[in-house]
Structure formats: structure tokens, C-alpha cells
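Working notes for the structure below.
Here the structure is a predicted model, which is why all the values come from computation and not from measurement. Ligands are counted one by one from 1 in listed order, and the atoms in each one are counted from 1 as well.
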Amino acid sequence: MSYLVKPRHLAPPVTERLEPDPSLPRACVIGAGSSGIAAAKALHLARVPFDCFEAGTVVGGNWVFDNPNGMSACYRNLEINTSCPRMAYSDFPMPDYYPDYARHWEVRDYFERYVDHFGFRHTITFGTRVEHVERRTDGVFEVTVDGPDGPQVREYEAVLVANGHHWHPRWPDPAYPGEFDGEQIHAHDYREPDSLAGRDVLVVGMGNSAMDIAVDASYVAASTTISVRRGQWLFPKFLLGRPSDQTPQPTWLPWSVRRRAFDIGARATGDLTRHGLPEPDHRPGESHPVQGDRFVARLRDGRIAARPGIERLAGDRVVFRDGTEVVADLIVWCTGYKVSFPFFDPGFVSAPGNDLPLWKRVVHPDLPGVFFVGLLQPLGAVMPLAEAQSAWVADLLAGRYVPPTDDVVRRETVAEHEAMKRRFYASPRHTMEVDFDLYLADLAKERARGRDRAAAGAPPVFRRVSSPAHPAR
Ligand SMILES: Cc1cc2nc3c(=O)[nH]c(=O)nc-3n(C[C@H](O)[C@H](O)[C@H](O)COP(=O)(O)OP(=O)(O)OC[C@H]3O[C@@H](n4cnc5c(N)ncnc54)[C@H](O)[C@@H]3O)c2cc1C
Ligand SMILES: NC(=O)c1ccc[n+]([C@@H]2O[C@H](COP(=O)([O-])OP(=O)(O)OC[C@H]3O[C@@H](n4cnc5c(N)ncnc54)[C@H](OP(=O)(O)O)[C@@H]3O)[C@@H](O)[C@H]2O)c1
């Protein structure tokens with residue numbers, strides 16, 4: 001529902017070995033999913049010395065089916081819900097032969113090729129988990145990693161956190177009253193439609209996971225019911241034959257005008273209360289977008305039955321708030337994810353209720369040297385935003401960008417967070433929403449302003465602390 005972003009060009013491949021500049025501060029990147037590789041590429045090209053640690057054995061994180069890291073939510077029929085041009089990094093288009101919405105294995109291949117194209121695979125240490133990060137009084141981070149050579153402590157001036165935020169399942173808390181005799185899984189553990197065959201499946205939630213899993217169930221299960229505590233607007237993947245996220249919409253338009261695109265998308269799907277779903281308690285554009293073409297088709301075909309929120313579990317049945325009940329032997333809780341940083345002491349930083357206000361979704365005003373990459377929920381794809389965040393941080397570490405004063409950073413952090421909370425209804429799924437194009441434009445402006453500050457002689461914020469015991473690369 002926003003401005004068309006097409007990767008502009010294919011950057012030339014990086015074939016020579018780029019040596020890091022030893023005078024620059026050292027950085028540690030946690031994770032080599034699509035956010036971590038964007039960070040690694042930006043630091044590599046900026047010659048910032050860094051290590052990227054990846055717990056798994058491959059890049060791509062969530063997009064690797066059965067990822068040996070045990071953290072991927074990828075299922076057999078997963079495809080992207082943000083079109084390829086929108087998801088691709090700005091200088092590395094997805095291949096023309098990909099469908100408008102690529103399948104998970106195509107996305108994974110794309111990330112693999114990105115790493116090789118920009119020549120930074122050697123900067124990623126695979127099979128190595130970051131276990132603990134602690135900041136010393138001199139500002140240096142001691143990072144404990146555990147890999148094939150056992151635990152080691154490394155020192156860095158900066159830490160780029162790219163550990164993903166869709167791997168820690170959020171189960172209902174408190175749990176619904178009553179006992180259930182059947183099996184209960186979270187969407188994170190769902191892989192194969194075969195596992196649903198012949199069963200009475202209850203899917204809970206109305207995010208994109210619930211949509212996909214209910215559709216899968218509707219083809220093979222004995223019965224498929226979806227329980228929805230709060231209605232959602234559903235958007236079509238295509239509008240007038242084009243991927244719906246490629247509808248041109250200039251960023252200077254006010255929200256009152258931009259929201260019309262959401263109205264059009266939602267109206268195109270039609271009234272879902274006719275099929276038993278609750279009416280949304282918010283307007284289109286005030287929640288994280290959910291795509292429902294296939295779901296709506298299966299609902300209309302009577303292959304999925306809709307029920308309101310759960311009242312209680314009752315043995316082989318589930319009772320809903322309207323007093324109706326269904327027989328079920330499998331509940332799939334599609335109830336979202338928790339934002340977690342197991343390597344930070346909770347007193348250092350944590351995100352209760354998924355809430356972690358950050359300046360431009362990257363900088364915590366109280367944690368100099370810690371940068372979050374990809375920790376946002378865009379109305380659009382994550383990857384180009386993680387790429388822009390990474391280029392910004394690389395500028396900062398390379399001394400080409402200087403931030404504004406702490407006061408400004410704090411004031412803007414609060415203002416950005418308040419504006420987001422005013423627009424989206426309160427839920428753990430709505431703590432870090434951003435508009436794709438507006439966010440990119442805002443980051444580009446700030447980056448330009450900070451480059452001007454640097455060019456005008458403002459001193460760099462990060463410096464290398466001398467005599468590293470364990471130099472990055
Ligand atoms: C089912 C599903 C579908 C989605 N579809 C879309 C979509 O269509 N479009 C979109 O833009 N977004 C989508 N998302 C959002 C998703 O978060 C992003 O697509 C993307 O995976 C974010 O990449 P990431 O690198 O931030 O996180 P991840 O892909 O989760 O990668 C994190 C990486 O960090 C590593 N790691 C974690 N902790 C450590 C540690 N302590 N030490 C070392 N390594 C560590 C992990 O092994 C992993 O490789 C979807 C999410 C889900 C769950
Ligand atoms: N590419 C794709 O097609 C695809 C597929 C799956 C997921 N994704 C992405 O993955 C991310 C996570 O999506 P998700 O669908 O797993 O989670 P989500 O967007 O957080 O949605 C969670 C759903 O569960 C409901 N819920 C939460 N707690 C509940 C409870 N205790 N009882 C009943 N209902 C409860 C929420 O309701 P409330 O709204 O009331 O809180 C919401 O409907 C999103 O970014 C999504 O776009 C993409």
C-alpha cells in the first residue's frame with residue numbers, strides 16, 4: 001500500500017578481498033539472517049573491522065526451512081507476503097524469473113547469492129552463538145561466543161543486534177482455563193501440511209501465520225476452525241493485476257490521504273462478518289497488514305469455519321465466548337512472537353510486552369554502542385530497511401556521520417514511539433510498526449544531516465580503544 005520501490009541497479013560484484021581499516025572501531029554483528037547480512041555487507045564495504053557470529057550453519061535465518069539453528073518458523077508452503085521488488089535490497093534485485101511473491105527456498109537462495117556477490121562470506125563465523133554481551137566501564141563490549149573451539153571472549157566498541165524477533169513463540173499468557181486432551185503447537189513449530197491431515201484443527205489468531213496455516217489445514221484436515229478474538233482487515237496480494245504493495249503513493253501525502261489506499265485494499269476483500277468473523281475494532285491501516293486472498297476463498301467455500309475468541313478448553317472440545325463449541329484434537333496457537341535478547345542481562349536491556357522504544361528503531365538512547373538492525377515491523381518488507389539502517393550505522397562507525405545531541409535523540413525517540421502508539425491498536429504485535437517509504441525517507445534525511453555535521457567538523461562519537469586482545473578479523 002505504498003510507494004513503489006524497485007531495486008535501482010545491480011551493484012558490481014566485490015571480487016577483491018577488502019581489508020578492514022584498523023583505525024576504526026570494532027563491531028560485532030549478532031546473527032546472519034537477512035538483517036545480519038545487510039549489516040555485515042555495510043560494515044565490510046565501509047572497511048569497519050567486524051565479526052558476524054551466526055548460531056546456525058547457513059545464512060538466511062527464518063527463510064531456511066528446517067534451519068539447523070532451530071529458530072526458523074518457515075513452513076513448507078511459505079511464500080513472502082511482500083512482493084519481490086519490495087523485499088529486495090536496493091542494489092541486488094531478485095531475479096526476473098521469480099514469481100511476484102517468491103517461495104521460501106527462492107528467498108533463501110537470494111540471501112546466499114547476496115553474501116557471495118558482495119564478497120563477505122569470510123566475515124561470518126558459523127555455528128557460533130553469542131552467549132553474553134556485557135559493557136565495561138570503558139565502553140568496550142565483552143562478547144562471549146560459543147562455537148566449535150569452545151567459549152571465547154572478544155572485545156568490540158559496537159554491537160549490532162540482528163538476532164531476529166520471530167523465533168520466540170508467544171503462547172497465551174495467562175493460559176486459557178480448562179484442560180485440552182489433544183495436541184497443542186505454536187505456529188513456530190508448524191512445518192508440513194501432512195501433520196494436519198485427518199485432524200480436527202483449531203487455529204487461533206488472525207495474523208499472517210493463522211491465515212496460511214488455516215488454509216493448509218482446510219485442504220487436508222477433517223475440520224478447520226479459526227478462533228479470532230479481534231477482527232482484522234484482510235488485504236489482497238494483487239490489486240488490478242499488480243502486487244498490491246507496488247501501488248504508487250508519494251511519501252509527502254498526509255496520512256489522511258495515504259490511509260485511503262488501506263481502505264481500498266480492505267474494501268476489495270469485502271465484508272467478512274458475513275462469514276462469522278468479528279468486525280475489526282479499528283480502521284484499515286491501524287494494524288499490521290494481513291493478507292487473506294486464499295483464506296477468504298476457503299472461508300467462502302465453507303472449508304474454514306470462523307468462531308470468536310476462546311472461553312475455555314474442555315477435553316476434546318473448545319468453548320468460545322459466544323457459547324458455541326467445536327471438537328478439536330489439535331490447536332495451533334498463531335499468537336505471535338516475543339522480542340528476546342538472551343545474551344543481554346535483562347537489567348541491561350529487555351523488551352517486556354515487546355516494547356522497546358528506539359531512536360529510528362536502531363539506537364537506544366541509554367546504550368551507546370548498541371545498534372538494533374531489523375527490529376521493526378514494517379508495512380512493507382524488512383530487508384531494505386535493515387539495509388538502510390546498516391549503511392547508517394556503518395557511516396557512524398566510520399566517522400562519516402555524527403548524531404545530533406542526546407536531547408534531540410531522546411525527544412525524537414519518545415515522539416516516534418508515541419506517534420506509532422496513537423496509530424496502531426495496543427497489542428504486543430504493534431510495538432514497532434513503521435511505514436516502509438516514510439521510514440526510508442526519514443533515515444535518509446537524518447543520514448544526510450549527520451554527514452553534514454561530520455563534514456562541518458563535529459568529532460566522531462566512536463573511537464577504537466587501543467590494544468585489542470582479540471582483534472576482529
Ligand atoms: C512465517 C513468517 C513469514 C514472514 N514473512 C515475511 C515477509 O514476507 N516479508 C518480510 O519482510 N518479513 C517477513 N517476516 C518477518 C521476518 O522477521 C523477516 O522476513 C526476516 O526473517 C528478518 O530477518 P532477521 O535477520 O532480522 O531475523 P532472522 O531471519 O530470524 O535471523 C536471525 C539470525 O540470527 C541468528 N541468531 C539469533 N541469535 C543468535 C545468537 N545469540 N548468536 C548468533 N546468532 C544468532 C539466527 O540463527 C538467525 O540466523 C516473516 C516472519 C515469519 C515468522
Ligand atoms: N510471508 C507470510 O505470508 C507470513 C506468514 C506468517 C507470518 N508472517 C509475518 O510474521 C510476523 C508474525 O505473524 P503472526 O501471524 O505469527 O503473529 P501476529 O501478527 O503477532 O498475530 C498474532 C495474532 O494472535 C492473536 N493473539 C495474540 N495473543 C492471543 C491470545 N492470547 N488469544 C487469542 N489470540 C491471540 C493476535 O490478536 P490481537 O491482534 O488481538 O493481539 C493476532 O491476531 C508478522 O510480521 C507477519 O506478517 C508472514
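- Backbone and side-chain nitrogen or oxygen atoms of S34 are examined, and one is located within less than 3.5 angstrom of a nitrogen or oxygen of ligand 1.
- Aromatic ring centroids of F238 and Y101 lie under 6.0 Å apart.
- For residues 202-219, no residue pair satisfies the salt bridge (charged side-chain N to carboxylate O under 4.0 Å, His left out) rule, not counting sequence neighbours.
- Looking at residues two or more places apart in sequence or on another chain, you find no side-chain hydrogen bond (donor to acceptor under 3.5 Å, both in side chains) involving S209.
- Nearest to atom 47 (O) of ligand 1 by heavy atom, out of E54, M383, E79, is E54.
- Between V204 and ligand 2, not a single N/O pair is under 3.5 Å apart.
- Close N/O approach between S209 and ligand 2 is found [any backbone or side-chain N/O within under 3.5 Å].
- Backbone and side-chain nitrogen or oxygen atoms of R229 are examined, and one is located within less than 3.5 angstrom of a nitrogen or oxygen of ligand 2.
- Under a 4.0 angstrom heavy-atom cut-off, M211 registers as lying outside contact with ligand 2.
- The N/O atoms of Y337, backbone and side chain alike, include none that comes under 3.5 Å of an N/O atom in ligand 2.
- By heavy-atom distance, the residue among A73, G147, G31 lying nearest atom 36 (N) of ligand 1 is G31.
- Which of H166, R129, E131, H104 comes nearest to atom 15 (C) of ligand 1 through a heavy atom is settled by distance: it is H166.
- Judged by distance alone, the side chain of E106 and the main-chain N or O of Y98 form no donor-acceptor pair under 3.5 Å.
- Assignment of S209 to the shell around ligand 1 is not supported, since no heavy atom sits closer than 4.0 Å.
- Considering both main-chain and side-chain atoms, C334 comes within under 3.5 Å of ligand 2 through a nitrogen or oxygen pair.
- Using 4.0 Å as the threshold, R170 has no heavy atom nearer than that to any atom of ligand 2.
- Ring geometry for H117 against F92 counts as tilted: the plane angle lies between 30° and 60°, on a 0 to 90° scale.
- Of all the atoms in ligand 2, the ones that sit under 4.0 Å from a non-hydrogen atom of Y425 are 38 (P), 39 (O).
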